[in-house]
Q: 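Take a look at this one; I'll ask things after.
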Number of protein chains: 2
Amino acid sequence: MSSVRKIANSVGVSVATVSRALNNHPDVSAETRQRVLEAARSTGYNPSVGKRPTNVIGLVYPTGPVQAGYGDFDSLMLSGVVRGANEQRFDVTIINLDRDKDEFESYTQFFHRKGVRGVVIRALEATSVLASEIAAEGFPSIMIADRSEDPRVNFVDSESKSTSRKAVEHLIDIGHKRIALAIHNVQDSDHQDREDGYCQALAEAGLERDEDLTVRAPAGPEGGAMMLDHLLQHEDPPTAIFFTNPLSTVGALHRCLQLGVRVPKDLSVIGFDDGDVRLRTFPNFTAVCQDAQGLGLEAARWLTRSLTGNAHHSCRELHRTTLNVHGSTSLCPITGVRLMAGNQIVRQV
Amino acid sequence: MSSVRKIANSVGVSVATVSRALNNHPDVSAETRQRVLEAARSTGYNPSVGKRPTNVIGLVYPTGPVQAGYGDFDSLMLSGVVRGANEQRFDVTIINLDRDKDEFESYTQFFHRKGVRGVVIRALEATSVLASEIAAEGFPSIMIADRSEDPRVNFVDSESKSTSRKAVEHLIDIGHKRIALAIHNVQDSDHQDREDGYCQALAEAGLERDEDLTVRAPAGPEGGAMMLDHLLQHEDPPTAIFFTNPLSTVGALHRCLQLGVRVPKDLSVIGFDDGDVRLRTFPNFTAVCQDAQGLGLEAARWLTRSLTGNAHHSCRELHRTTLNVHGSTSLCPITGVRLMAGNQIVRQV
DNA sequence: TCATACTGCCGGAACTGTTCCGGCTTGACC
DNA sequence: GGTCAAGCCGGAACAGTTCCGGCAGTATGA
């Protein structure tokens, strides 16, 4: 077991200096600090008050305080993390990196100062680099809601390709042939998955993909409405649309009600959901659902098991998503709906 | 400053015994433990590793791991708590009481073991007693999203009476006279406030309250639909309804779309919202909005300021709510809508 | 030129709290 | 009455942090 005194001996300084170096106090020369940190890293130093190891994991938000605006997702994920940590009697502390992590401090050093033995990293945009850096230091960590090419990075992510495919297959099964894809215009692995699932289902059924039936817009209700308008203005409009974002789906369904497009009689709609959004719209929409709570649960469970010694080496898990069928999908209509100038609706074969 | 050695001296035992008593180890007699705990309480003992006080507050969930199912509320509140704690550079750790609090352990003792200097208590059902007990021990604490008669209890709660009143006044201003109240059938201070606001607005305008226009049902979409049906079956149905729960409002709006009742042309609806639910329905509904994030922010801000010495004595704050007008309210129709047998809609004067 | 003062860096010691080990007392049992 | 076990407690050794003072090097001023 490593301790400040051991490190002090091996480096040839006093325990006071070791403590200062570890806690980022100014009164240490850069050269001494480096030697101490190196010794701490190589001996796997883990601070402990008294003797008891402190059973706390951190939930790390990379950018500022926890962001709102992700709907239920964060709440559910947090709930899962807390439950997962519970199983091994761990507590959860919320850490935000950019508040008081010193620039010259290593992640390991920082997390030790915070008194956590491991961290769950909430993936936002471009968190992958961060996760790689932390993993490279060897600090126990797992990223949640994103994946990484880096083999050292542990993660739990949603796998939405197969369910996206299943969603489109569902539409094909009930007779739809012109199926549109309305996608968030950001290129990440998640959205690539959804597009891939869409393509696979079409190919499998022997349907040609019509590039005109793929539209992109920012996530959000306005984007959803815009994409709907655009698709319905096509001279041979789709009879079904697959939206890859919850709020886009909401916007599109609202727009349908405004225009008088009857869902699902005139048009079938499948969306995405993280939480309960699909149950708030009219009609409730058929959706590919991510299990946000399950992600949190698995991540925290793996991390705490790994810390208590009873876990496998790495975790690179793709969590399954489910297709929940509600009232926004039904048999392909004989007459499709087309949107004309002046927001006029015409039904045509 | 109090320490284990001071306490050991004053009680007349060894530091080892003090530590054991404080940490709930078995090898201490009940009598000794009592004397130690009493000394710790009276001297305001606060454990510290080394010298530095640990700047962490706890977010306490009384029953088990954090519950999902409150929609955005918890996510937003948490976000607020973290931001509020940020200002004084505090961290937040999530604590669930019924996991590892020993039965014979005081709350103070438990929280010290967890290493937090103060707690924010998330009010669920009947948390008021808990908050009183913690306050009685003198541990720094504040309850969030509920209020208490106990003068020792600090809290931040929503004040929904005045805005409920404003909501009903809004309906009266645009010509409505028969305004119904659809309320969650649980009697707590919060719902009492909403009912009081309703009554005050009616009284102020010289309108008689019709008891037939008050209905109660469980919170949730089904309850909302039931209440809507019941009200519209009245021989002299209301032209506007005030719902005091977000999900009830959702259910009622869905039911309107099913029945062909046009909102707001046939019927005006005002609901409640904690987060973004009002923006998910069609039409988006006019709502009395609680600022969940603001509650969290204020609570954590007060607590951390109080802990760092720059705060007033107690906090008994009622946070303001706001009336957000959306598309579910408009001028009182000349012909009202009545629901007949067989779900037939008739319009009558 | 030399005394003085300041700054950067570090060590000793004193402080915080926890746990191991051993000892004392008490009571039960053969 | 001897023995054993359990309950309770103290000493000491452990964990890490911080205060205070010292040492060296450098700048400053008479």
Side-chain angles (χ1 to χ4, degrees), chain A residues 1-41 43-56 100 102 104-105 108-117, chain B residues 1-41 43-56 89 100 102 104-106 108-117:
Chain A
M1 200 52 188
S2 184
S3 76
V4 279
R5 266 127 186 131
K6 297 257 180 63
I7 295 175
N9 267 337
S10 87
V11 177
V13 294
S14 71
V15 290
T17 301
V18 172
S19 177
R20 277 189 290 259
L22 256 25
N23 290 296
N24 242 34
H25 282 244
D27 278 1
V28 183
S29 70
E31 191 256 343
T32 306
R33 165 169 290 127
Q34 276 311 315
R35 295 208 341 261
V36 169
L37 291 184
E38 175 52 30
R41 205 190 54 73
T43 57
Y45 171 71
N46 190 3
S48 60
V49 286
K51 275 286 171 51
R52 171 202 303 171
T54 125
N55 278 356
V56 182
D100 41 8
D102 251 33
F104 303 109
E105 189 177 32
T108 304
Q109 201 179 340
F110 173 67
F111 292 140
H112 280 166
R113 246 184 50 212
K114 287 295 176 188
V116 298
R117 294 180 51 193
Chain B
M1 202 50 188
S2 183
S3 77
V4 278
R5 265 126 186 133
K6 296 259 181 63
I7 295 175
N9 267 338
S10 88
V11 177
V13 293
S14 71
V15 290
T17 302
V18 172
S19 177
R20 278 189 289 260
L22 256 24
N23 290 296
N24 241 35
H25 283 244
D27 278 0
V28 183
S29 70
E31 192 256 343
T32 306
R33 165 168 289 126
Q34 274 312 314
R35 292 203 349 256
V36 169
L37 291 183
E38 175 52 30
R41 204 191 55 74
T43 58
Y45 171 71
N46 190 4
S48 60
V49 286
K51 273 289 169 51
R52 172 201 302 173
T54 126
N55 278 357
V56 182
R89 303 182 76 83
D100 40 9
D102 252 33
F104 302 109
E105 189 177 32
S106 72
T108 304
Q109 204 178 340
F110 172 68
F111 293 138
H112 280 168
R113 247 184 48 213
K114 288 294 175 188
V116 298
R117 294 180 51 193

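Below, chain A is the first sequence line, B the second, and so on; all start at residue 1. FYI, side chains are in, hydrogens and waters are out, and symmetry mates aren't considered; it's all heavy atoms of this structure.
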Q: Ignoring backbone atoms, establish whether Ser3(A) has a side-chain N or O less than 4.0 Å from OP1 or OP2 of dA15(D).
A: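 So the side chain of Ser3(A) is within the cut-off, an N or O lying under 4.0 Å from OP1 or OP2 of dA15(D).
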Q: Could you state the atom-to-atom distance from CG of Asn9(A) to P of dG11(C) in whole Å?
A: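 The distance from CG of Asn9(A) to P of dG11(C) comes to 11 Å, rounded to the nearest Å.
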Q: Can you measure Ile7(B) atom CD1 to dC9(D) atom C1' for me and round it to whole angstrom units?
A: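 One finds 17 Å between C1' of dC9(D) and CD1 of Ile7(B), rounded.
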Q: What's the closest nucleotide to the Ser29(A) side chain, out of dC9(C), dT17(D), dC9(D)?
A: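 Output: dC9(C).
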Q: Rounded to whole Å, please give me the gap between CG in Leu22(B) and P in dT18(C).
A: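 So the CG-P distance, Leu22(B) to dT18(C), works out to 7 Å.
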Q: State which residue, out of Ile7(B), Leu22(B), Thr32(B), fulfils the side-chain contact (heavy atoms from CB on, under 4.5 Å) condition with Leu37(B).
A: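 Of the listed residues Ile7(B), Leu22(B), Thr32(B), the side-chain contact (heavy atoms from CB on, under 4.5 Å) partner of Leu37(B) is Leu22(B).
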Q: Shortest non-hydrogen contact from Val28(B) to Arg20(B)?
A: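 Looks like CG2-CB, 3.5 Å.
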Q: Of all the heavy-atom pairs spanning Val15(A) and Arg5(A), show the shortest one and how long it is.
A: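 Distance-wise, the nearest heavy atoms are CG1-CG, 3.3 Å.
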Q: Side chain of Arg20(A), base of dG11(C): donor and acceptor closer than 3.5 Å?
A: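 In this structure, the two groups form a donor-acceptor pair.
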Q: Side-chain N or O of Thr32(B) less than 4.0 angstrom from OP1 or OP2 on dC9(D)?
A: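 For dC9(D), OP1/OP2 do have a side-chain N/O of Thr32(B) under 4.0 Å.
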Q: Are Val11(B) and Val18(B) side-chain neighbours, meaning at least one heavy-atom pair lies under 4.5 Å?
A: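 No. Closest side-chain heavy atoms not under 4.5 Å.
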Q: Looking at His25(B) and Arg33(B), what are the two nearest heavy atoms and their distance?
A: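 Smallest heavy-atom distance, with atoms named: O-NH2, 2.5 Å.
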Q: Would you say dG17(C) has OP1 or OP2 under 4.0 Å from some side-chain N or O of Asn23(B)?
A: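 No, because none of the side-chain N or O atoms of Asn23(B) sits under 4.0 Å from OP1 or OP2 of dG17(C).
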Q: Rounded to whole angstrom units, what separation is found between the NZ atom of Lys6(B) and the C1' atom of dT16(C)?
A: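 My rounded result for the distance is 11 Å.
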Q: What is the distance, rounded to the nearest whole Å, between atom CZ of Arg33(A) and atom P of dG8(C)?
A: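 Whole-Å distance recorded here is 14 Å.
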Q: Please report the distance, rounded to the nearest Å, between CG in Asp27(A) and C1' in dC23(D).
A: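 Asp27(A) atom CG is separated from dC23(D) atom C1' by 14 Å.
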Q: What contact category does Val18(A) fall into here, base, sugar-phosphate, or nothing, at under 4.0 angstrom with non-hydrogen atoms?
A: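 The residue Val18(A) makes no contact with any strand.
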Q: Rounding to an integer number of Å, can you tell me how far Arg35(A) CZ sits from dC9(C) P?
A: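 Taking CZ of Arg35(A) and P of dC9(C), I get 14 Å after rounding.
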Q: Does Thr17(B) make a side-chain N or O approach to OP1 or OP2 of dG10(D) shorter than 4.0 Å?
A: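 Indeed, a polar side-chain atom of Thr17(B) lies that close.
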Q: To the nearest Å, give me how far apart CZ (Arg5(B)) and P (dA13(D)) are.
A: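 Value for this atom pair: 13 Å.
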Q: Val15(B) side chain: which of dT16(C), dC10(C), dA12(D) is closest?
A: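 Of the options given, the side chain of Val15(B) lies nearest dA12(D).
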Q: Measure from the side chain of Val13(A), starting at C-beta and using heavy atoms only, and say which of dC9(D), dG11(C), dG10(D) lies closest.
A: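 Ranking dC9(D), dG11(C), dG10(D) by closest atom to the Val13(A) side chain puts dG11(C) first.
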